[in-house]
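Notes for the one structure printed next.
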Number of protein chains: 2
Amino acid sequence: MDEDLTIGQVSERTGLGVHALRYYEREGLLMGPVPRSAGGRRAYGRLDVEWLVLCNRFRSCGMPVADIRRYASLVSAGPGNEAERLELLREHEVRVRAEIEQLSENLAVIESKARLYSDHLEAGTASDLWTGQAPSCLAVEALAARGR
Amino acid sequence: MDEDLTIGQVSERTGLGVHALRYYEREGLLMGPVPRSAGGRRAYGRLDVEWLVLCNRFRSCGMPVADIRRYASLVSAGPGNEAERLELLREHEVRVRAEIEQLSENLAVIESKARLYSDHLEAGTASDLWTGQAPSCLAVEALAARGR
DNA sequence: CTAGGAGCTAGAGTGCGATCTAGGTCAAGC
DNA sequence: GCTTGACCTAGATCGCACTCTAGCTCCTAG
C-alpha cells in the first residue's frame with residue numbers, strides 16, 4: 001500500500017518537477033528525509049504524494065516556503081500543537097482572502113477599460129475615443145493621444 | 001495644471017518608491033522619458049501619476065513588466081492600434097480570472113482544514129483527530145501522527 | 001556661504017523559488 | 001557485458017522585479 005514511487009513518478013502525479021521535489025526535501029518541507037531504496041534513490045509513499053499535493057496548493061496560493069516548512073515541522077512534531085497549526089492556516093487564509101479581493105478590484109478596472117475599447121471598436125468609432133472628453137478610465141490614453 | 005512633481009512627490013502619491021519609479025522609466029513603462037527640470041531632475045505631470053497608478057494596478061494583479069511596456073508603447077504610438085491594446089487587456093483579464101478561481105479553490109481547502117482543527121480545538125477533542133479514521137483532508141496529518 | 005536633504009546615473013546586489021550543471025551511480029533490456 | 005535513461009549530490013545559475021550603493025549635483029533654508 002505504500003507503493004514506493006520514484007521521484008519521476010511523484011513528479012508526474014504532483015506536477016512538481018524532480019528539481020523542485022529535491023529542493024522541497026532539502027528545504028525541510030517534507031517532514032524528514034524521504035526514505036531511500038537500496039541504491040540510494042528516493043522511495044516516496046502515498047503519504048508523501050498527498051502532502052506534496054497539499055504543498056503545491058499552499059505554494060500556488062502564495063504561502064511562502066518558510067511557512068510550509070513551519071507547518072510541516074508542527075505536523076511531524078506530532079499531536080499537541082494543533083492550535084499553532086490552526087493559527088498558521090488562519091493567517092494564510094486572511095492573506096488569500098485579501099489577495100482575492102485586490103485581484104477582483106483590479107479586474108474590475110481592467111474590465112471597464114476593455115469594455116470601452118471593445119464597444120468603440122465594435123461600433124467602428126475607436127478613433128472618437130481621443131477627440132471629445134474621454135471617459136475617466138481612459139484619461140491617460142486620451143492625453144497621450146493628444147501628444148505628451 | 002501639469003503640476004511638475006518631483007520623484008519624491010510622485011512616490012508618495014503612487015506608493016511606488018523612487019527606485020521603482022526610475023526603474024519603470026528605464027524599462028520603458030512610461031511612454032517616453034519623463035521631462036526634466038533645468039537641473040536635470042524629473043518633473044512628472046498629472047498624466048504620469050495617473051499612468052503610474054494604473055501600472056501599479058497592472059503589476060499588482062500579476063501583469064509582467066514586459067506586457068506593461070508593450071501596452072505603453074501602443075498607447076504612445078497613438079490612435080489606430082486600439083484592437084491590439086484590447087487584446088492585451090483581454091488576455092490579462094483571462095489570466096486574472098483564472099488566478100482568482102485558483103485562489104478561491106485553494107482557499108476552500110484551507111478553510112476546510114482550518115474548520116476541522118478549530119471545531120476539535122473548541123470541543124477540546126483535538127487529540128481525537130488522530131485516533132479514529134481521520135477526515136480525508138487531514139489524512140496527511142493523521143498518518144504523520146501515527147509515525148511515518 | 002554653507003550644510004543638508006533630495007535628486008542624478010550607472011551599475012551591483014537582493015530575495016524568492018526554483019531550475020540547471022557537472023560528474024558521477026544504478027538498473028532494466030538487449 | 002553494455003547501453004541507455006533515470007537517479008544521485010553539491011553547488012551554480014536563473015528570472016523577475018525591484019532595491020541599494022557610490023559618487024556626484026542641485027537647491028533651499030539659515
Side-chain angles (χ1 to χ4, degrees), chain A residues 3-30 32-45 48-49 52-72 92 95 99 102 106, chain B residues 3-30 32-45 48-49 52-72 92 95 99 102 106:
Chain A
E3 301 172 86
D4 270 20
L5 300 159
T6 68
I7 198 172
Q9 291 169 318
V10 172
S11 170
E12 262 173 30
R13 51 198 87 179
T14 60
L16 266 171
V18 296
H19 296 300
L21 290 172
R22 291 192 275 248
Y23 168 70
Y24 281 9
E25 184 181 353
R26 265 204 311 281
E27 292 299 307
L29 267 55
L30 289 198
V34 178
R36 306 305 165 111
S37 75
R41 330 196 129 183
R42 288 167 181 81
Y44 294 88
D48 300 294
V49 173
L52 283 163
V53 166
L54 185 61
C55 285
N56 207 357
R57 218 174 255 290
F58 281 158
R59 279 294 304 122
S60 74
C61 59
M63 185 183 286
V65 162
D67 287 6
I68 303 180
R69 172 166 40 231
R70 176 108 189 86
Y71 191 85
H92 188 56
R95 284 195 300 266
E99 173 76 8
Q102 243 240 66
N106 291 335
Chain B
E3 300 171 87
D4 270 21
L5 300 158
T6 68
I7 198 172
Q9 291 169 318
V10 172
S11 169
E12 264 173 27
R13 51 198 87 179
T14 60
L16 267 170
V18 296
H19 295 300
L21 290 172
R22 291 193 274 247
Y23 168 71
Y24 281 11
E25 185 181 352
R26 265 203 312 279
E27 292 299 307
L29 268 54
L30 289 197
V34 178
R36 306 305 165 111
S37 76
R41 330 198 126 184
R42 287 168 182 82
Y44 293 88
D48 300 295
V49 173
L52 283 163
V53 166
L54 184 62
C55 285
N56 208 357
R57 215 175 257 289
F58 281 158
R59 279 295 304 122
S60 74
C61 58
M63 185 182 286
V65 163
D67 287 6
I68 302 180
R69 172 167 39 230
R70 176 108 189 88
Y71 191 84
H92 188 56
R95 284 196 299 267
E99 173 75 10
Q102 243 240 66
N106 290 334

Return the value, rounded to whole Å, for the distance between atom [atom1] of [X] and atom [atom2] of [N].
X: A:Ile68; N: C:dC16; atom1: CD1; atom2: P; result: 14 Å
X: A:Leu21; N: D:dT9; atom1: CG; atom2: C1'; result: 16 Å
X: A:Arg42; N: C:dC26; atom1: CZ; atom2: P; result: 15 Å
X: B:Gln9; N: C:dG5; atom1: CD; atom2: P; result: 18 Å
X: A:Ile7; N: D:dG5; atom1: CD1; atom2: C1'; result: 15 Å
X: A:Arg69; N: C:dA18; atom1: CZ; atom2: P; result: 12 Å
X: A:Tyr44; N: D:dC7; atom1: OH; atom2: C1'; result: 11 Å
X: A:Glu27; N: D:dA10; atom1: CD; atom2: C1'; result: 14 Å

Against the side chain of B:Arg41, the closest entry in C:dT9, C:dG7, C:dC26 is C:dG7
Side chain to side chain donor-acceptor pair (under 3.5 Å) partner of B:Asn106, the single match among A:Arg57, A:Arg59, A:His92:
A:Arg57
At under 4.0 Å, does any side-chain N or O of B:Thr6 touch on OP1 or OP2 of C:dG7?
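So the side-chain polar atoms of B:Thr6 do come within 4.0 Å of the phosphate oxygens OP1 or OP2 of C:dG7, strictly under.
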Considering just the side-chain nitrogens and oxygens of A:Arg36, establish if one lies under 4.0 Å of OP1 or OP2 belonging to D:dT9.
yes
Is the closest basic N to carboxylate O distance between A:Asp67 and A:Arg95 below 4.0 Å?
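Salt bridge: yes.
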Would you call A:Glu25 and A:Arg36 a salt bridge, using N to O less than 4.0 angstrom?
yes
Can you see whether A:Thr14 engages A:Asn56 through a side-chain donor-acceptor pair at a distance of less than 3.5 angstrom?
no
Between N or O atoms, less than 3.5 Å apart, protein on one side and nucleotides 17-21 of chain D on the other: list the pairs.
residue : atom : partner : partner atom : Å
D:dA17  : OP1  : B:Val65 : N            : 3.4
D:dC18  : OP2  : B:Tyr24 : OH           : 2.8
D:dC18  : OP2  : B:Arg59 : NE           : 2.8

Side-chain donor/acceptor of B:Arg22 to backbone N/O of B:Arg26, under 3.5 Å
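Absent.
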Does A:Ile68 reach the side chain of A:Cys55, with side-chain heavy atoms less than 4.5 Å apart?
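Yes, side chains in contact.
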After noting the C-alpha distance and the side-chain angles of B:Leu5 and B:Val49, does the key distance pass the side-chain contact (heavy atoms from CB on, under 4.5 Å) rule?
CA-CA 9 Å; B:Leu5 300 158; B:Val49 173; 3.6 Å; yes
